Chemist: 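Got a structure here, written out as structure tokens. Questions coming.
Keep in mind it's a predicted model, so treat the numbers as computed, not measured. Values reported hereafter were calculated over all heavy atoms of this structure, with side chains retained and with hydrogens, waters and symmetry mates removed. Quick note: residue numbers are just sequence positions, from 1. In each ligand, atom 1 is the first atom listed, and ligand 1 is the first ligand listed.
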Amino acid sequence: MEKVFVMDHPLIQHKLTLIRNKNTGSKEFREVVKEISMLMGYEVTRNLSLEEVEIETPVCKTKAKVLSGRKLGIIPILRAGLGMVDGMLNLIPAAKVGHVGLYRDPETLEPVEYYCKLPADVEERDLIVVDPMLATGGSANAAIQFIKDRGATSIKLMCLIAAPEGVKAVCEAHPDVEIYVAAIDERLNEHAYIIPGLGDAGDRLFGTK
Ligand code: URA
């Protein structure tokens, strides 16, 4: 599982506990999801390439590093993925944002795309797909496939909490995609909720039920 990275930074773990707590209301939940996304984004972007440029400080000329290479794209899976976008944009404001919306067909139980709007140059960007909960892996796998079908070649997946089942499913379907999570929990329950998890991430973000 060398392509699965669990971010055990103390700040991330502390904030994760805040959002797991059922007594944390939507306002604080949203704020903390944003903070965790930013902290995780810092690690996800650790290997971005740099190049040296010549600049002049007030004192002398020097060579200094700036980002080079491919531009970035952030792709939230609707709707809960929206909660992770602002934290990522704080870190990489020049990133473009695409959206993928899926629902589960009640008969076939297969994910069906109802919305997909990606940056026009998606094949030239390094993409980070964001969704707080990696449960069965069905939505993540379908979203990644839809993005690949539109030409994307460089994709990472960033989730707050994963179930072992979801990690396995994405690793099998998309071995080229690195997965970044703050925690891998115990298991899924019979309703495909992550145990212990944090409940329904979309409902907790947006105050719905
Ligand atoms: N989606 C959620 O929001 N929570 C879960 O536990 C699983 C999927």
Side-chain angles (χ1 to χ4, degrees), residues 1 4-8 12-41 74-88 99-106 108-116 128-147 155-174 177 179-209:
M1 298 237 290
V4 183
F5 303 94
V6 181
M7 295 180 184
D8 57 359
I12 294 178
Q13 294 304 311
H14 177 83
K15 289 173 191 294
L16 194 57
T17 301
L18 294 177
I19 58 171
R20 284 186 190 276
N21 189 332
K22 69 175 187 180
N23 296 320
T24 300
S26 284
K27 178 175 180 289
E28 190 184 355
F29 190 92
R30 266 196 302 276
E31 288 166 0
V32 178
V33 167
K34 180 175 166 182
E35 290 166 8
I36 299 175
S37 305
M38 197 158 72
L39 291 166
M40 290 183 72
I74 301 161
I75 317 289
I77 301 178
L78 301 178
R79 91 188 137 135
L82 291 174
M84 298 173 72
V85 173
D86 283 352
M88 294 295 283
H99 297 84
V100 178
L102 307 160
Y103 69 91
R104 188 168 294 276
D105 184 299
T108 65
L109 301 182
E110 290 298 315
V112 181
E113 175 191 311
Y114 68 83
Y115 188 79
C116 187
I128 305 170
V129 174
V130 294
D131 195 0
M133 309 301 275
L134 177 57
T136 63
S139 301
N141 274 343
I144 291 166
Q145 192 56 54
F146 294 145
I147 296 166
I155 303 173
K156 292 179 164 66
L157 174 65
M158 183 175 124
C159 304
L160 304 186
I161 301 179
E165 296 90 330
V167 172
K168 183 166 178 283
V170 175
C171 286
E172 283 173 5
H174 299 287
V177 173
I179 304 171
Y180 293 80
V181 297
I184 300 179
D185 277 7
E186 285 164 29
R187 62 182 172 89
L188 294 176
N189 72 7
E190 61 279 20
H191 305 293
Y193 274 86
I194 298 176
I195 302 295
L198 50 69
D200 187 301
D203 283 346
R204 297 203 56 197
L205 277 166
F206 299 113
T208 50
K209 254 271 174 316

Chemist: Only one of Val170, Ile74, Leu157 clears side-chain contact (heavy atoms from CB on, under 4.5 Å) with Val129; which?
Modeler: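 The option that passes is Leu157.
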
Chemist: Using modelled atom types and a 3.5 Å cut-off, is there a donor and acceptor pairing between side-chain atoms of Asp131 and backbone atoms of Ala140?
Modeler: no

Chemist: So, does Ser26 use its side chain to make a donor-acceptor pair with the main chain of Arg204 at under 3.5 Å?
Modeler: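 Indeed, once roles are kept as given, a pair shorter than 3.5 Å links the two residues.
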
Chemist: Looking at Gly197, is its backbone amide N or carbonyl O close enough to the side chain of Arg20 to form a donor-acceptor pair, meaning the two atoms are under 3.5 Å apart?
Modeler: yes

Chemist: Quick check: does any side chain N or O of Glu110 sit under 3.5 Å from a backbone N or O of Gly138, one acting as donor and the other as acceptor?
Modeler: no

Chemist: Hey, does the side chain of Glu165 reach the backbone of Leu188 with a donor-acceptor pair shorter than 3.5 angstrom?
Modeler: yes

Chemist: Distances only, to 0.1 Å: what are the N or O pairs between ligand 1 and the protein that fall under 3.5 Å?
Modeler:
residue  : atom  : partner : partner atom : Å
ligand 1 : 3 (O) : Ala201  : N            : 2.7
ligand 1 : 4 (N) : Gly199  : O            : 2.7
ligand 1 : 6 (O) : Ile194  : N            : 2.8

